[in-house]
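As structure tokens, the structure follows; a few thoughts come after it.
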There are 2 protein chains.
Amino acid sequence: MPDTQDRRELIVAASAELFARKGIRSTTVREIADAAGILSGSLYHHFASKDDIVQEILLGFLDALTSRYAAVLDAGMDPAQALRALVLTSLQLAKERPDATALYQNELRYLRESQLFKEVEAGAVQVQRVWLDVIERGVAAGDFRADIDPRLFHRLIRDAVWLSGRGRRGDGGYSAEQLADAISAIFLDGYATHA
Amino acid sequence: MPDTQDRRELIVAASAELFARKGIRSTTVREIADAAGILSGSLYHHFASKDDIVQEILLGFLDALTSRYAAVLDAGMDPAQALRALVLTSLQLAKERPDATALYQNELRYLRESQLFKEVEAGAVQVQRVWLDVIERGVAAGDFRADIDPRLFHRLIRDAVWLSGRGRRGDGGYSAEQLADAISAIFLDGYATHA
DNA sequence: GTCTATATTGAGATAGAC
DNA sequence: GTCTATCTCAATATAGAC
């Protein structure tokens, strides 16, 4: 069998896939162990609890997300360009890590119930701050509408990004770029033609 | 104690509130019984299973939704007006029945796992059909953009409607009308100012 | 129609041998 | 580092008295 580091990674990867497909609650430690090629008791040599695995997945995801957002902000774009870049960056990460993305999007309630939320809250707040800053900068510059609450707009575009990036079925095999273009076009310019 | 009909209604209402707040899986039959003022064993005089309660909630919700959508279609509006009306109608129902709305929006995975999905699938498909027909009619009429897949647009606006209608916290106490105006404005005309 | 009491199942986690 | 065996708890559901 592989060394410790590999086995740990294997457990994390298998867990992420199961959590994303079946939900955290419906995934048992026995299923995780099966997928990792060991028995359930042996999991506890690597992790103190099932929630510890969840935490490792989510912190890794938020870490990647915040560092990519920082790179976007450093590029010094105007608000509309920055918004497009945030959409694209998010969708690219969603394609690379569909399982962690699904957890971040679907398991908020589980996180709250399991007291795990406070462990990832800082990262989530930081992510929200980035979006809101870009949006508010656009409103201040007159590039975005002043008659709609920036927080409301943020919630709408955030949900559109993460839900459409879920991967799996229904998204018709769009690339991250295609999805980003469509979402940016709708949210900035609208779906009506204004002929 | 009240007669049978009242007790049944009480169980359904209490269940809906608990399911929406804590999730179906995390809500125990004991909690439901507590909220209804009886003991858990007595629940099974009214319902054959916990899932039977879920089914009653969801079918009632889908019933209300499809009948209201039918009324919208009967009004004979142009595509953009019809889309606005669907948004408003949906948000109004979401305000009236926040708990059932939350189930419809959040518990899809539970429904699939519990075999309950096939019981509500027909209604869900009907609902989707209404949205898609309006959208495709708008594209055909040249009112909506032809460069974006109607199914993608449907998914985005559907998620925006149901997620923003969740009620509870975060939506800053907007009325259904205010939310519908904002969502329609963004999705049809865009958030950019085009000065 | 509701109660008491309990059957049954499945889950996360632990102890200690190897 | 993994296995075997098991503890403990909580959940849905049932049986039968009242």
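The basis for the numbers below is simple: all heavy atoms, side chains too, and nothing from hydrogens, waters or symmetry mates. Below, read A as the first sequence line, B as the second, and so on, with proteins coming before strands; counting in each chain starts at 1.
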*So is B:Arg8 actually on top of B:Phe47's ring, under 6.0 Å and inside 45° of the axis?*
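Yes, B:Arg8 lies over the aromatic ring of B:Phe47.
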*Check every strand shown and say whether B:Ser26 touches a base, only sugar-phosphate, or nothing at a heavy-atom separation below 4.0 Å.*
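Contact class for B:Ser26: none.
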[N] phosphate, OP1 or OP2: any side-chain N/O from [X] under 4.0 angstrom?
X: A:Tyr44; N: C:dT14; answer: no
X: B:His45; N: C:dT2; answer: no
X: B:His46; N: C:dT2; answer: yes

_Reading DNA chain C from 5' onward, which residue's closest nucleotide shows up sooner: A:Glu31 or A:Gly41?_
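It is A:Glu31, whose closest nucleotide lies nearer the 5' terminus.
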_Both B:Ser40 and A:Val29 contact DNA chain C. Taking the nearest nucleotide for each, which residue is further toward the 5' end?_
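Taking each residue's closest nucleotide, the earlier one in sequence belongs to B:Ser40.
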Nearest-Å distance, [atom1] ([X]) to [atom2] ([N])?
X: B:Glu9; N: C:dG1; atom1: CD; atom2: C1'; result: 17 Å
X: A:Lys22; N: C:dG10; atom1: NZ; atom2: C1'; result: 13 Å
X: B:Asp52; N: D:dT14; atom1: CG; atom2: C1'; result: 16 Å
X: A:Leu43; N: C:dA11; atom1: CG; atom2: C1'; result: 14 Å
X: B:Asp34; N: D:dA10; atom1: CG; atom2: P; result: 15 Å
X: A:Leu39; N: C:dG12; atom1: CG; atom2: P; result: 15 Å
X: B:Glu113; N: C:dG10; atom1: CD; atom2: P; result: 14 Å
X: A:Arg25; N: C:dG10; atom1: CZ; atom2: P; result: 18 Å

*Where do A:Ile157 and A:Trp131 land on the side-chain contact (heavy atoms from CB on, under 4.5 Å) test, with the steps shown first?*
CA-CA 10 Å; A:Ile157 196 165; A:Trp131 283 91; 3.9 Å; yes
_Euclidean distance, B:Arg30 CZ relative to B:Leu43 CG, rounded to 0.5 Å_ =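 The CZ atom of B:Arg30 is 10.5 Å from CG of B:Leu43, to the nearest 0.5 Å.
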_Separation between OH of A:Tyr191 and CG of B:Asp189, rounded to the nearest 0.5 Å_ =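 If we round to the nearest 0.5 Å, A:Tyr191:OH and B:Asp189:CG are 14.0 Å apart.
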*Under 3.5 Å donor-acceptor pair, A:Arg30 side-chain atoms to C:dG12 base atoms*: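 Checked by distance alone, the answer is yes.
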*Shortest side-chain distance from B:Ser42, nucleotide among D:dC3, C:dT2, D:dA13*: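 Closest nucleotide among those given: C:dT2.
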*asked:* Tell me whether the rings of A:Phe61 and A:Tyr104 are parallel (<30°), tilted (30 to 60°) or perpendicular (>60°).
replied: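 Tilted: the ring planes of A:Phe61 and A:Tyr104 meet at 30° to 60°.
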